[in-house]
Amino acid sequence: MNLESKKRVEPSKYDPYGRGKETLPFKVVVKPRSIMGDYIALHGLLPQNELPESLRHKIPEDEIWMREDVFDDPKRRERILQGHEKYELTLMETEGLTYKQAHRSAELHEKVYQLEQDLEEPDRKLKIRNYEPVKIVEPKRKSEVKAKRAKKQA
């Protein structure tokens, strides 16, 4: 048996097919609706057969393309990037999920992310502050006060 066939190939640190240990650093590129069409955001690890023909082989692996109107809305931009795209890419790169599996999971994660943000909103609007609980001080009994005075005098 050949010795070379027994050697195991170590995956690189950045492996887009799920055997990597870290996620790739991505940069966000803003594109107009004329290029993106109805798509909100697309990343370079998206399988080419999932893309329209006009966008195939155009998105580099280290980029996320985002539609201009979505990018201009800070809340929506954060929800899409943090709640969906970043989570989806992490699942694909480190967990080895296919795009479709990661996308389904990321859609749910995005909804949970949005729900968490919505739950924090009333606190911010009402400006509710954290407070220390009230300490209840019970009045001292006269007998305890007399005993303390007697000890001090002695």
Side-chain angles (χ1 to χ4, degrees), residues 1-140:
M1 196 169 201
N2 193 345
L3 238 167
E4 290 179 26
S5 64
K6 287 185 178 180
K7 286 184 183 178
R8 185 172 174 198
V9 177
E10 288 296 317
S12 69
K13 185 168 142 181
Y14 298 118
D15 190 337
Y17 301 104
R19 293 177 293 275
K21 294 174 180 59
E22 295 184 29
T23 59
L24 284 166
F26 280 84
K27 61 183 173 184
V28 177
V29 178
V30 180
K31 298 286 183 177
R33 185 181 275 276
S34 61
I35 293 175
M36 295 292 290
D38 290 334
Y39 291 96
I40 294 171
L42 299 168
H43 55 77
L45 296 182
L46 191 68
Q48 299 305 309
N49 64 345
E50 297 283 335
L51 291 169
E53 289 190 25
S54 62
L55 294 175
R56 289 183 185 174
H57 305 289
K58 291 187 179 176
I59 305 172
E61 284 191 355
D62 66 338
E63 288 184 3
I64 296 174
W65 287 11
M66 184 170 261
R67 203 170 64 204
E68 193 172 19
D69 61 325
V70 176
F71 187 82
D72 291 340
D73 180 359
K75 287 183 180 180
R76 192 169 180 203
R77 176 180 61 212
E78 182 184 355
R79 190 181 82 234
I80 299 296
L81 286 175
Q82 297 296 327
H84 185 93
E85 297 299 327
K86 184 177 178 186
Y87 188 73
E88 182 177 85
L89 290 165
T90 301
L91 291 175
M92 289 174 68
E93 293 170 349
T94 60
E95 301 294 322
L97 298 182
T98 64
Y99 166 72
K100 290 211 182 241
Q101 292 169 330
H103 185 69
R104 276 190 223 111
S105 184
E107 283 180 331
L108 177 63
H109 184 265
E110 181 184 350
K111 289 175 184 169
V112 171
Y113 186 86
Q114 182 178 5
L115 182 63
E116 287 174 347
Q117 299 299 317
D118 291 347
L119 290 175
E120 290 175 7
E121 191 67 28
D123 291 349
R124 278 188 244 129
K125 283 183 180 176
L126 296 173
K127 297 180 181 174
I128 295 174
R129 296 183 191 141
N130 291 335
Y131 60 90
E132 292 294 318
V134 176
K135 293 181 183 177
I136 299 174
V137 179
E138 293 182 21
K140 295 183 180 180

Practice prompt. In sequence, state the C-alpha distance, the side-chain angles, and the governing distance for L51 and K58, and then conclude on side-chain contact (heavy atoms from CB on, under 4.5 Å).
Written response: CA-CA 10 Å; L51 291 169; K58 291 187 179 176; over 6 Å; no
Worksheet item: If you measure from CD on E110 to CD on E85, what distance do you get to the nearest 0.5 Å?
Response: 8.5 Å
Fill in: Contact summary for Y87 and S105, nearest pair of heavy atoms
CE2-OG, 3.6 Å
Item to complete: Determine the minimum heavy-atom distance between I80 and V70, stating which atoms define it.
Response: CG1-CG1, 4.2 Å
Item to complete: Kindly assign one of parallel, tilted or perpendicular to the pair H103 and H84, based on the angle between their ring planes and the thresholds 30° and 60°.
Response: perpendicular
Item to complete: Measure the CG-CG distance between L81 and L89 for me, rounded to the nearest 0.5 Å.
Response: 10.0 Å
Discussion item. Set out, in order, the CA-CA distance, both residues' side-chain angles and the distance that settles side-chain contact (heavy atoms from CB on, under 4.5 Å) for V30 and R67, then state yes or no.
Written reply: CA-CA 6 Å; V30 180; R67 203 170 64 204; over 6 Å; no
Discussion item. Nearest 0.5 angstrom please: E61 CD to I59 CD1, how far?
Written reply: 11.5 Å
Practice prompt. Walk me through it: do L45 and Y99 pass the test side-chain contact (heavy atoms from CB on, under 4.5 Å)?
Written response: CA-CA 8 Å; L45 296 182; Y99 166 72; over 6 Å; no
Response to the item:
Looking only at heavy atoms, the pair that brings R56 and N49 closest together is NH2-O, 3.6 Å
Response to the item:
For R76 and I40, the nearest pair of non-hydrogen atoms, with its separation, is NH2-CD1, 3.4 Å
Item to complete: Working to the nearest 0.5 Å, report the span between CD of Q48 and CG of L55.
Response: 9.5 Å
Discussion item. To check you understand the geometry: which heavy-atom pair defines the closest contact between L42 and L46, and what is its length?
Written reply: CD2-CD2, 3.6 Å
Worksheet entry | Gap between atom CD of E63 and atom NZ of K31 - 0.5 Å precision | 7.0 Å
Worksheet entry | Separation between OG1 of T98 and CG of L91, rounded to the nearest 0.5 Å | 10.5 Å
Worksheet item: Between the side chains of E88 and H43, is a donor N or O closer than 3.5 angstrom to an acceptor N or O?
Response: yes
Item to complete: Please step through side-chain contact (heavy atoms from CB on, under 4.5 Å) for the pair K100 and E50, ending with a clear verdict.
Response: CA-CA 10 Å; K100 290 211 182 241; E50 297 283 335; 3.2 Å; yes
